[in-house]
Amino acid sequence: MLIVACIKQVPDTTQVKIDPATNTLMREGVPSIMNPYDTHALEAALQLKDQFGFRVVVLSMGPPGAAHTLRKALSAGVDQAILLSDRLFGGADTLATSNVLAAAIKKLNDEMAPVGVVICGKQTIDGDTAQVGPGIAVRLGYQQLTLVDRVEELDMINKRITVRRKLEGRHERIETPLPALLTVVREINRPRYPTVNMRLASEAADIEIWNNEVLKLETETIGLKGSPTWVAKIFSPERDKGEIVGNGYNDPEGTVDLLLNKLLDKDLLPL
Amino acid sequence: MTPTPTIFVPLFIAATAMFIWSCWKRLSLTALGRTENRLDNIGQRISDTIRYAFAQKRVLAQPSGLIHVAIFWCFLVLLIANTEFILQGLFPSISFTRLPESLSMPLFQMIDVVSLITLLAVIAATTRRIVAPPYPEARTFEAFFILFLIAVLMLASFGINAAKISTFRGSTLELAKTITPVSYQFITFIPEGMGKVVHDLSWWTHALVLLLFMNLLPLSKHFHIITAIPNVFLQRLEHPPLPEREEFKVGNSFGSNQVDGYTWKDLLDSFSCTECGRCQMACPADQTGKPLNPRGVIATIKHNLMKNGSLLKKGEPPAIPLIGEGEDSISTEAIWSCTTCGACIQACPVFIEQMPKLTPLRRHLVEMESNFPAELLNLFENMESRSNPWGIAPTERGKWATLLGDRPFETGKTEYLFYVGCAGSFDARTKQVTMAVAQLLDKAGVSWGILGKDEKCCGDSMRRLGNEYLFDSMAKENIALFKERKITKVIAQCPHCMSTLKNDYRQYGIELEVLHHSQLLLQLLQDGRLKLPEETKETATRLVYHDSCYMGRHNGIYDEPRETLALATGEEPIEMARNREGAFCCGAGGGRMWMEEFTGERINLVRTAEALEHEPDTICTACPYCLTMFIDGVKDLKADKVQVRDIAEIIAEAVFRQ
């Protein structure tokens with residue numbers, strides 16, 4: 001059985017600024033990182049590998065430069081990394097992206113080994129839509145388990161998985177048959193730190209590239225053409241001006257009193 | 001039984017063979033270590049050996065060291081006496097009495113007195129070990145037994161001499177009384193007609209105890225009698241001790257978890273330890289209840305080497321791991337407890353290097369096993385992606401300087417690079433120090449500039465924590481930038497940056513002239529480029545100065561900060577009991593800044609309490625880590641009326657007061 005992790009290379013958003021003139025992201029010179037949620041997806045996949053010995057394949061759709069992020073995945077210990085890269089894939093929204101990823105997973109399933117679990121991060125930090133994971137699940141007809149914070153059991157005899165979902169103010173335990181697609185939250189695990197030998201090996205490794213000649217998708221379903229979404233404008237939200245209360249350095253106690261009174265006035269403290 | 005070669009010769013041969021075998025068994029194990037050149041600069045090695053091995057300069061750092069010096073020098077003299085004793089045992093015709101009297105008489109006189117001094121020193125040493133042991137676990141059977149054997153040897157030799165004297169008559173007796181007065185006193189203990197019995201008994205006691213003593217040496221901490229002098233001669237001359245670089249190639253292994261990963265000199269260290277415990281008493285980890293004891297580390301390496309030696313010689317894997325929780329292994333908690341303050345190395349009378357023994361172990365844990373305290377994961381990732389410990393956007397690095405109207409380093413125009421460092425750039429409190437330094441530099445008209453968003457972390461914490469892979473890439477990046485911008489002179493406000501740029505980066509082929517701000521400020525005050533107002537002297541406060549380990553022990557900067565402070569405040573700073581070479585760490589070095597301190601007392605609280613004993617108004621530091629540790633310390637000890645300030649802030653206050 002295969003475990004597939006889907007990861008994305010994203011700009012380090014703490015370092016991204018919005019160009020006030022054009023309302024676009026100023027990505028120039030901003031380093032790329034693996035989407036932080038995806039590092040947890042990767043770790044979840046690797047933990048299943050550690051536990052059951054499954055083969056882990058990691059997929060990423062992106063420009064050739066995204067190979068760098070796939071190398072990081074290799075250094076963490078995945079068995080195979082495939083970059084889905086083609087000019088035709090460019091400009092994709094979440095729908096077109098999930099078409100490409102789903103096609104790649106289907107190909108793995110048909111040609112390599114049956115896919116049991118696909119794991120994605122809950123969302124990416126650049127788009128924040130949380131749509132790609134569910135999109136893949138729908139297109140492949142897999143069970144869809146979003147916001148997972150714990151894989152409780154993988155029953156290989158009955159081919160079923162039990163997970164815990166982290167919802168607002170509660171948890172939900174769900175058991176479904178495989179194959180399933182999980183999107184995971186940060187709390188699920190602590191990503192491992194690669195050993196130096198793994199890093200060195202990953203630096204030397206070949207990253208397999210699948211373009212559309214391999215995936216053979218209709219051009220209407222991929223890239224800009226396959227993307228019904230268009231971004232009208234990006235802007236920083238206006239926020240009500242805050243207020244600096246007191247002087248916490250010289251008068252910490254007075255400042256706390258002041259703050260408490262303000263919160264009480266606004267009825268913001270549960271009493 | 002009359003001393004006779006028929007019995008003594010075979011005994012002596014057997015004992016000597018056993019002794020040589022024991023020594024060989026141990027010392028040959030050092031060949032398992034990696035090669036390392038410790039024979040450079042012979043001249044300095046000889047002078048250091050005279051100063052530290054023969055004159056015992058470091059032993060005398062503590063008053064009790066005087067006892068050791070006495071025993072050491074007495075042993076050198078008694079070596080002559082015992083050579084005669086053994087030669088006489090082998091060839092009875094050999095004796096000092098056959099020497100000309102002008103030589104033999106002073107010799108007898110000297111040996112007589114020296115034997116008494118030895119006896120008294122042994123009594124003093126025994127008393128000291130009972131009353132005030134060097135460390136709590138020092139009252140071992142072995143220690144007392146060896147002292148007992150030495151005392152027996154002295155008494156036996158007095159017995160031999162007294163028995164001989166008791167047979168003298170007339171002028172010979174008178175002569176013996178003046179030449180060997182101590183031995184003479186012992187004749188009163190010899191019953192009439194028992195001279196021969198006492199002589200033979202004393203002789204055999206002396207002979208057997210001497211051979212036993214010799215054979216106990218290699219089996220005990222007293223092996224140092226043989227190894228300590230070579231160990232001092234073979235000491236590391238470069239200072240501070242730098243970890244070796246690693247070559248990051250596929251197939252290499254990184255760090256080590258086996259004793260044979262150490263160099264032969266590291267292994268010789270383990271046989272040179274006297275177990276005096278001075279490293280332990282100086283160690284901030286040990287003294288606050290952590291499971292790290294530098295003396296223990298050295299002993300563990302010895303025991304591990306002894307137990308794994310035969311396997312390792314055959315090229316087989318060791319039976320007992322070097323890193324582990326069992327006996328004869330070093331625990332991971334001990335490995336992570338080290339603050340790399342270097343107090344252990346500084347304290348060791350025989351120049352054992354305890355602290356660097358942990359470097360390969362940390363490297364192994366981080367680089368080979370990815371096994372380290374949980375808090376470090378974020379640190380490593382932040383360092384890798386954003387080159388600062390907090391993961392703040394690198395674009396924010398130069399923000400503090402906007403108040404001064406950006407001050408970029410311009411190649412060819414700017415003299416000094418002000419290497420601000422992560423704390424100086426991002427930490428709110430340390431940014432105030434940065435500003436004080438910058439304003440003082442401006443006031444003095446120094447040409448300085450910063451790298452702003454292009455400045456990267458120096459990598460100190462990464463290297464000390466064993467993440468050499470990351471350090472290596474950070475160092476290479478920084479050095480490429482320094483070379484590109486033609487940077488040669490650097491002002492650092494963090495001793496960790498200073499030491500890393502100045503010392504560690506030398507391994508990458510760059511020689512930078514790096515000054516800590518306190519050094520430059522002293523120059524500027526002395527040159528008159530910074531002027532102090534007249535009334536400075538009236539405003540003196542009670543100020544305690546704390547030595548940062550990376551300023552002091554690692555780089556020998558003790559005087560400049562004190563002189564700078566004396567100029568600025570008009571008074572010498574108050575000294576804590578543990579100061580300069582013996583200063584106690586704040587607890588943040590070696591990457592401990594970024595780790596939790598779960599076990600025992602907090603190091604920073606111990607040090608802060610020590611500073612507070614002097615009822616200061618101000619605790620002065622010269623390092624952002626120390627600054628943070630003391631600020632936390634005074635808060636926790638409810639003493640936050642005491643200000644914690646960097647030396648630059650104190651100078652700035654004095655300079656800008658007018």
Non-hydrogen atoms of chain A under 4.5 Å away: do they reach the side chain of B:Glu369, the backbone, both or neither? backbone
Donor-acceptor contact below 3.5 Å, side chain A:Arg190 vs main chain B:Ala374: yes
Is the CZ atom of B:Arg34 crowded by more than 12 outside heavy atoms at less than 6.0 Å? yes
Checking heavy atoms, do the side chain of B:Phe254, its backbone, both or neither come under 4.5 Å from chain A? side chain
CD (A:Glu187) with more than 12 external heavy atoms under 6.0 Å: yes
Max heavy-atom pairs within cutoff under 4.5 Å with chain A, candidates B:Leu377, B:Val250, B:Asn371, goes to B:Leu377
Least distance between heavy atoms, B:Met368 atom then A:Thr195 atom: O-CG2, 3.2 Å
Distance in Å, B:Glu381 CD paired with A:Ile33 CD1, rounded so as to fall on 0.5 Å steps: 10.0 Å
Tell me which donor-acceptor pairs under 3.5 Å the side chains of residues 52-66 of chain A have, and how far apart each pair is, sequence neighbours excluded?
from: A:Arg55; atom 1: NH2; to: A:Gln80; atom 2: OE1; distance (Å): 3.0
from: A:Ser60; atom 1: OG; to: A:Ile7; atom 2: O; distance (Å): 2.9

With a 4.5 Å limit on heavy-atom distance, are the side chains of A:Val196 and B:Glu246 in contact? no
Do other residues, nucleotides or ligands put more than 12 heavy atoms under 6.0 Å from A:Glu253 CD? no
So with a 6.0 Å cut-off around NZ of A:Lys166, is the heavy-atom count from everything else above 12? no
For A:Asp128, look at atom CG and say whether over 12 heavy atoms of other residues, nucleotides or ligands are found less than 6.0 Å away. yes
Can you tell me which portion of B:Asn252 sits under 4.5 Å from chain A's heavy atoms? Options are side chain, backbone, both or neither. backbone
Is atom NZ of A:Lys49 surrounded by more than 12 heavy atoms (other residues, nucleotides or ligands) closer than 6.0 Å? yes
If we define contacts as heavy-atom pairs under 4.5 Å, which of B:Gly391, B:Ser385, B:Pro394 has the most with chain A? B:Pro394
Interatomic distance, A:Tyr193 atom OH to B:Glu367 atom CD [nearest 0.5 angstrom]: 9.0 Å
Contact origin within B:Ile392 toward chain A - heavy atom pairs under 4.5 Å: neither
Of all heavy-atom pairs between A:Pro194 and B:Ser370, which one has the smallest distance, and what is that distance? N-OG, 4.3 Å
